[in-house]
Amino acid sequence: MPPDAPALPATRALAPRYWIIHLLLLGAVAACVLLGRWQLGVWSDHRSADAEQVTRQQPVALDDVLGPDAAFPAAGLGRPVVVAGRWDPAHTVFVSDRERDGRTGVWVVTPVVTSSGSAIPVVRGWVPSPGEAPAPPRGAADLVGLLQPAEGNDTADSDPHDDVIPELSTVDLLPRAPYDLYGGYALATDRAVPGASGQPRAGTAGLETVGPQHLPGADATSGLRNLFYAFQWWIFGAFAVFMWWRWLEEDVLGRRASPRPR
Amino acid sequence: MSKLFPAYRILALIVGVLLAFCALVITPARYLAPDGSGLQHFGETWSILWAVHGWVFIVYVAVSFLLWRQTRWTAPFALLVLVAGLIPLVIFWVERAVTRRIRAEHPELASAG
């Protein structure tokens with residue numbers, strides 16, 4: 001059955017006349033892997049775009065989503081809300097260990113006391129260290145913020161008397177605040193406040209914007225088609241390898257009998 | 001005797017029609033028609049057929065491969081048969097070439113079809 005050629009299998013398989021086939025296989029496999037990864041990327045972009053959809057909704061008044069005494073509603077996650085009231089610059093705090101573009105810094109948080117008498121912490125932005133933060137705003141506050149639930153209480157505050165806290169949690173904030181607190185915080189944006197003339201008073205000058213930390217999960221079906229495409233490409237790649245191997249064994253190395261010899 | 005050859009012909013027809021429709025009608029409608037027009041919406045909706053083409057093409061490739069193993073075509077001709085499912089309209093011509101070759105060289109495969 002094996003041909004009379006005495007050459008080693010590897011020598012026969014690597015004969016120059018087969019190079020083009022081997023190269024085509026490598027090209028096809030590389031193309032399938034890359035195209036699959038590209039579709040996988042499209043799939044995950046779809047999902048994050050889907051999750052961020054909530055942040056592009058029309059802003060509504062804070063108390064319409066989260067009342068001062070209410071539990072945090074699921075619909076409030078990442079929702080743009082209008083925060084109006086008075087800045088309380090004396091109670092500005094810094095939340096430590098916050099990463100941005102690979103650098104560790106702090107969030108600058110100043111509470112806004114609303115007409116309800118309660119205060120909502122507003123994350124005005126990020127700076128590398130507390131000393132670099134600009135002076136906190138005073139007077140009226142009027143801004144669009146993305147609503148986020150208060151953080152958990154897993155980290156103990158090493159010094160409850162300074163203005164640096166480990167987490168933006170109600171427990172860490174309450175000893176420092178002479179008022180009740182909302183059950184969440186707002187991430188300040190520079191978006192225009194609907195119905196208001198002039199610039200928003202968001203206190204973001206000199207600070208880098210902090211993006212949403214928690215968003216509702218994307219729909220299970222969003223971008224599903226691209227996930228299927230990704231698998232399709234990888235199956236193609238695997239099948240190309242299988243075909244190449246069978247061809248090599250049967251036609252080049254003569255190891256297996258043809259299923260139907262001529 | 002073998003169902004491979006008729007299966008190949010049917011798959012080639014399906015792949016050919018799907019590919020021509022996707023590449024020459026749906027995708028141009030999706031990307032060339034004005035935004036928001038009915039034609040563009042039609043292209044968006046039916047672009048799922050690309051996925052159908054993809055899966056049918058996988059089956060086409062598998063069947064073509066089995067046919068190749070039985071006919072022992074040279075690798076270049078076999079590659080042409082496989083790749084034909086990716087270039088619009090070429091597959092109709094390739095299917096005729098395959099039919100001619102099978103009838104001439106492997107009448108035992110063609111007898112069932």
Side-chain angles (χ1 to χ4, degrees), chain A residues 1 3 12-13 15-29 31-32 35-36 38-39 42-43 46 221-262, chain B residues 1-5 8 11 15 18-19 22 26-27 30 43-87 101-102 104-112:
Chain A
M1 186 61 66
R12 261 182 289 156
R17 64 198 177 107
Y18 297 133
W19 286 359
I20 183 78
I21 306 275
H22 300 323
L23 282 176
L24 277 175
L25 172 84
L26 290 179
V29 169
C32 286
L35 285 163
W38 165 60
Q39 284 297 334
V42 174
W43 173 69
H46 262 300
T221 55
S222 65
L224 200 59
R225 187 187 295 182
N226 301 97
L227 185 64
F228 282 139
Y229 285 153
F231 285 123
Q232 248 173 12
W233 283 116
W234 293 330
I235 290 172
F236 274 143
F239 198 70
V241 172
F242 170 73
M243 289 194 296
W244 167 83
W245 178 245
R246 290 296 293 262
W247 161 80
L248 198 67
E249 277 208 320
E250 294 176 7
D251 292 11
V252 178
L253 304 178
R255 274 195 194 146
R256 288 178 202 238
S258 162
R260 190 189 303 271
R262 298 216 214 171
Chain B
M1 197 152 70
S2 161
K3 295 265 192 292
L4 265 186
F5 179 54
Y8 169 82
L11 283 164
V15 169
L18 278 174
L19 182 62
C22 286
I26 292 173
T27 296
R30 184 176 179 188
E44 292 274 333
T45 310
W46 288 95
S47 65
I48 188 73
L49 282 182
W50 271 116
V52 178
H53 165 265
W55 289 110
V56 179
F57 179 64
I58 289 178
V59 181
Y60 168 85
V61 166
V63 168
S64 304
F65 172 74
L66 292 174
L67 206 57
W68 173 29
R69 292 295 82 204
Q70 301 215 345
T71 56
R72 293 302 180 97
W73 289 322
T74 56
F77 185 76
L79 285 177
L80 174 68
V81 172
L82 298 177
V83 170
L86 296 176
I87 312 167
R101 271 191 85 155
I102 297 241
E105 300 165 11
H106 300 276
E108 79 282 0
L109 286 175
S111 59

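Note: hydrogens, waters and symmetry copies are ignored here, and every other heavy atom, side chains too, is used. Proteins get letters first, then strands, A, B, ... in listed order; numbering begins at 1 in each.
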Novice: If I measure from the heavy atoms of chain A, does B:L82 come under 4.5 Å with its side chain, its backbone, both, or neither?
Specialist: side chain

Novice: Is the number of heavy atoms from other residues, nucleotides or ligands under 6.0 Å of A:F228 CZ greater than 12?
Specialist: no

Novice: For A:W247, enumerate each residue passing the side-chain hydrogen bond (donor to acceptor under 3.5 Å, both in side chains) test, keeping only those at least two apart in sequence or located in another chain.
Specialist: none

Novice: Please state whether the side chain, the backbone, both or neither of B:A78 comes within less than 4.5 Å of a heavy atom of chain A.
Specialist: neither

Novice: Quick check: closest heavy atoms across A:R246 and B:R69, and the distance to 0.1 Å?
Specialist: O-NH1, 3.7 Å

Novice: Where on B:W68 is there a heavy atom nearer than 4.5 Å to chain A: the side chain, the backbone, both, or neither?
Specialist: side chain

Novice: Taking all atoms of both residues into account, what is the closest heavy-atom pair of B:E44 and A:R225, and its distance?
Specialist: O-NH1, 4.2 Å

Novice: Of all the residues in residues 234-243 of chain A, which have a heavy atom that comes within less than 4.5 Å of a heavy atom in chain B?
Specialist: A:I235, A:F236, A:F239, A:F242, A:M243

Novice: Please report the shortest heavy-atom distance between B:A51 and A:Q232, naming the atom on each side.
Specialist: O-NE2, 3.0 Å

Novice: What part of A:I20 gets within 4.5 angstrom of chain B, counting heavy atoms only: side chain, backbone, both, or neither?
Specialist: neither

Novice: Would you say CH2 of B:W55 has more than 12 non-hydrogen atoms from neighbouring residues, nucleotides or ligands within 6.0 angstrom?
Specialist: yes

